[in-house]
**Student:** 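Sending over a structure as structure tokens; questions will come in a sec.
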Amino acid sequence: MTFFSKPRRAVFILALSACVVFTGCHRKISKEEKALRRDVQHALSQHSYREAEILARHLLLLMPNDNSAWDRLVQAQCGQANYKGAKQTFIKWRATIPNPSSKLDEYIGDVALAENNAAGALQAWHRLLGTNPRNLRVLIKVANAEEKQHHWLEAETAWTATLAVKVTGKVLAQRALCRRHRHRWPEALADLRRAKQLAPDDPDVIECAKLFEHLDKFLPEIRDLDAQLAIPPTTILC
């Protein structure tokens with residue numbers, strides 16, 4: 001016996017599916033879950049990382065599909081320098097949630113850098129920036145990592161991308177230093193002047209200014225020297 005015509009049956013199925021999705025996405029958080037979230041965050045803020053890990057694991061038992069619960073577990077593990085455990089959590093996080101939070105790639109990069117794997121860190125962070133190119137925190141991490149490897153062109157590029165999101169004296173000073181290493185003297189001095197205008201009391205800006213002290217006076221000589229060094233040596237025939 002047919003209770004619905006085909007069109008009405010289709011409408012009924014769609015309505016039922018919508019109800020299931022709605023209730024699944026908007027499941028009411030229990031008092032226990034709220035209390036656990038609060039306690040985990042408090043433990044993290046107090047640097048009680050072992051306690052935070054225990055609480056985060058308990059929270060995950062109740063909320064395995066909650067990105068923030070995985071996030072807190074990784075924070076707790078990294079706080080204990082338990083990078084092996086954090087990497088195991090990354091695998092479980094991705095296996096549990098098909099489309100995890102972008103914080104997963106950020107943490108993968110953080111752990112790689114902590115283990116002196118700068119290439120792995122940059123790969124993870126660039127993967128995140130591929131979907132969120134204006135992530136200021138990650139742009140700064142990329143720029144600092146490139147600087148530590150003395151990749152001045154890549155660091156300058158990263159600082160420029162950072163400035164496209166937010167202009168600060170500190171970032172301008174960092175880009176000035178990269179440009180100094182690349183002998184881009186006029187651009188470096190321009191960055192420094194702007195940095196001093198925006199944040200004259202910033203310690204990083206002050207330290208940067210010391211490195212550029214008296215540079216204006218000797219800039220013509222420096223340019224001449226750069227030009228001479230750029231000329232390839234003549235071949236001496238015997």
Side-chain angles (χ1 to χ4, degrees), residues 78 81 83 86-87 102-236:
C78 289
Y83 302 126
K87 286 188 284 188
S102 62
K103 290 294 289 290
L104 174 56
D105 277 327
E106 183 174 356
Y107 287 137
I108 289 173
D110 293 346
V111 168
L113 191 67
E115 294 185 326
N116 298 315
N117 180 7
L122 288 167
Q123 183 180 30
W125 291 333
H126 280 297
R127 188 163 58 240
L128 188 160
L129 291 173
T131 58
N132 184 10
R134 294 179 65 82
N135 188 315
L136 185 63
R137 183 176 58 252
V138 175
L139 283 169
I140 291 172
K141 288 181 180 181
V142 168
N144 281 321
E146 296 288 14
E147 272 193 9
K148 286 180 181 177
Q149 297 178 90
H150 295 178
H151 296 166
W152 304 117
L153 174 58
E154 291 80 359
E156 180 187 343
T157 301
W159 288 126
T160 300
T162 305
L163 288 166
V165 179
K166 185 177 181 180
V167 178
T168 68
K170 187 186 295 288
V171 174
L172 281 165
Q174 290 301 126
R175 188 172 70 171
L177 291 173
C178 292
R179 288 177 164 178
R180 176 176 178 267
H181 281 285
R182 297 190 61 222
H183 293 197
R184 294 184 60 188
W185 309 110
E187 295 94 334
L189 288 168
D191 276 348
L192 178 59
R193 282 192 290 270
R194 195 174 175 200
K196 289 165 73 174
Q197 290 172 353
L198 289 174
D201 299 322
D202 186 285
D204 290 333
V205 175
I206 293 171
E207 190 65 28
C208 178
K210 289 179 182 177
L211 294 173
F212 282 87
E213 198 171 4
H214 308 308
L215 181 61
D216 275 322
K217 185 187 300 183
F218 299 107
L219 192 55
E221 289 86 347
I222 292 172
R223 282 175 170 170
D224 287 343
L225 181 59
D226 283 345
Q228 291 176 35
L229 291 173
I231 299 173
T234 55
T235 303
I236 301 176

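Given the structure is predicted, the values throughout are model-derived calculations rather than measurements. Positions are given from 1 along the sequence. When reading the values below, keep in mind they use all heavy atoms of this one structure, side chains included, and skip hydrogens, waters and symmetry mates.
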**Student:** Above 12 or not: heavy atoms from other molecules or residues under 6.0 Å from CD of Glu115?
**Tutor:**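 More than 12 heavy atoms, drawn from other residues, nucleotides or ligands, come within 6.0 Å of this atom.
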**Student:** Just verifying a value: how many Å separate Asp191 CG and Thr160 OG1, rounded to the nearest 0.5 Å?
**Tutor:**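 Rounded to the nearest 0.5 Å, the CG-OG1 separation comes out at 8.0 Å.
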**Student:** Test Glu146 against Trp159 for side-chain hydrogen bond (donor to acceptor under 3.5 Å, both in side chains), laying out the working first.
**Tutor:** CA-CA 10 Å; Glu146 296 288 14; Trp159 288 126; over 6 Å; no
**Student:** Taking side chain as C-beta onward, heavy atoms only, is Arg137 less than 4.5 Å from Glu106?
**Tutor:**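 Yes; the side chains approach each other to less than 4.5 Å.
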**Student:** Nearest 0.5 angstrom please: Tyr83 OH to Asp110 CG, how far?
**Tutor:**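 Tyr83 atom OH to Asp110 atom CG measures 9.0 Å (nearest 0.5 Å).
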**Student:** Would you mind reporting whether Lys166 and Val171 have side-chain heavy atoms less than 4.5 Å apart?
**Tutor:**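 When only atoms from C-beta onward are counted, Lys166 and Val171 do not touch, as no gap falls below 4.5 Å.
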**Student:** Under 4.5 Å between any side-chain heavy atoms of Arg179 and Trp185, yes or no?
**Tutor:**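 Sidechains of Trp185 and Arg179: no contact.
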**Student:** Hey, what do you get for CD1 (Ile140) to NZ (Lys170), rounding to the nearest 0.5 Å?
**Tutor:**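 Rounded to the nearest 0.5 Å, the CD1-NZ separation comes out at 9.5 Å.
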**Student:** Any side-chain heavy atom of Thr168 sitting closer than 4.5 Å to one from Leu198?
**Tutor:**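 Not touching, per the 4.5 Å side-chain cut-off.
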**Student:** Does atom CZ of Arg127 have more than 12 heavy-atom neighbours, drawn from other residues, nucleotides or ligands, at distances under 6.0 Å?
**Tutor:**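 Yes, CZ of Arg127 has more than 12 neighbouring heavy atoms, counting only those of other groups under 6.0 Å.
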**Student:** Does a salt bridge link Glu156 with Arg184, judged by any charged N lying under 4.0 Å from a carboxylate O?
**Tutor:**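 Answer for the salt bridge query: yes.
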**Student:** How close do Ala143 and Ala155 get, heavy atom to heavy atom, and via which atoms?
**Tutor:**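 That closest heavy-atom pairing would be O-CB, 3.9 Å.
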**Student:** Do Trp125 and Ile108 pass the side-chain contact (heavy atoms from CB on, under 4.5 Å) test, and can you show the C-alpha distance, the side-chain angles, and the key distance before you say yes or no?
**Tutor:** CA-CA 8 Å; Trp125 291 333; Ile108 289 173; over 6 Å; no
**Student:** List the atom of Ala86, the atom of Val111, and the distance in Å for their closest heavy-atom pair.
**Tutor:**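 Ala86 and Val111 have their closest heavy atoms at CB-CG2, 4.2 Å.
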**Student:** What pair of heavy atoms forms the shortest contact from Asp204 to Ala173, and how long is it?
**Tutor:**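 Result for this residue pair: O-CB, 4.3 Å.
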**Student:** CG of Leu192 to CD of Gln197: how many Å apart, nearest 0.5 Å?
**Tutor:**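 Separation between the atoms: 10.0 Å.
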**Student:** Measuring from atom CG of Asp202 to atom NZ of Lys196, what distance do you get when rounded to the nearest 0.5 angstrom?
**Tutor:**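 Result: 13.0 Å between the selected atoms.
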**Student:** Look up atom NE2 in His126 and atom CG in Asp105, then write down how far apart they are to the nearest 0.5 Å.
**Tutor:**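 Result: 12.5 Å between the selected atoms.
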**Student:** Determine the minimum heavy-atom distance between Cys208 and Ala176, stating which atoms define it.
**Tutor:**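 Taking every non-hydrogen atom into account, SG-CB, 4.2 Å.
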**Student:** Stepwise, does the side-chain contact (heavy atoms from CB on, under 4.5 Å) test hold for Leu129 with Asn135?
**Tutor:** CA-CA 7 Å; Leu129 291 173; Asn135 188 315; 4.1 Å; yes
**Student:** Does some side-chain heavy atom of Thr162 sit less than 4.5 Å from a side-chain heavy atom of Gln174?
**Tutor:**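 A side-chain contact is absent here, since even the closest heavy-atom pair is not under 4.5 Å.
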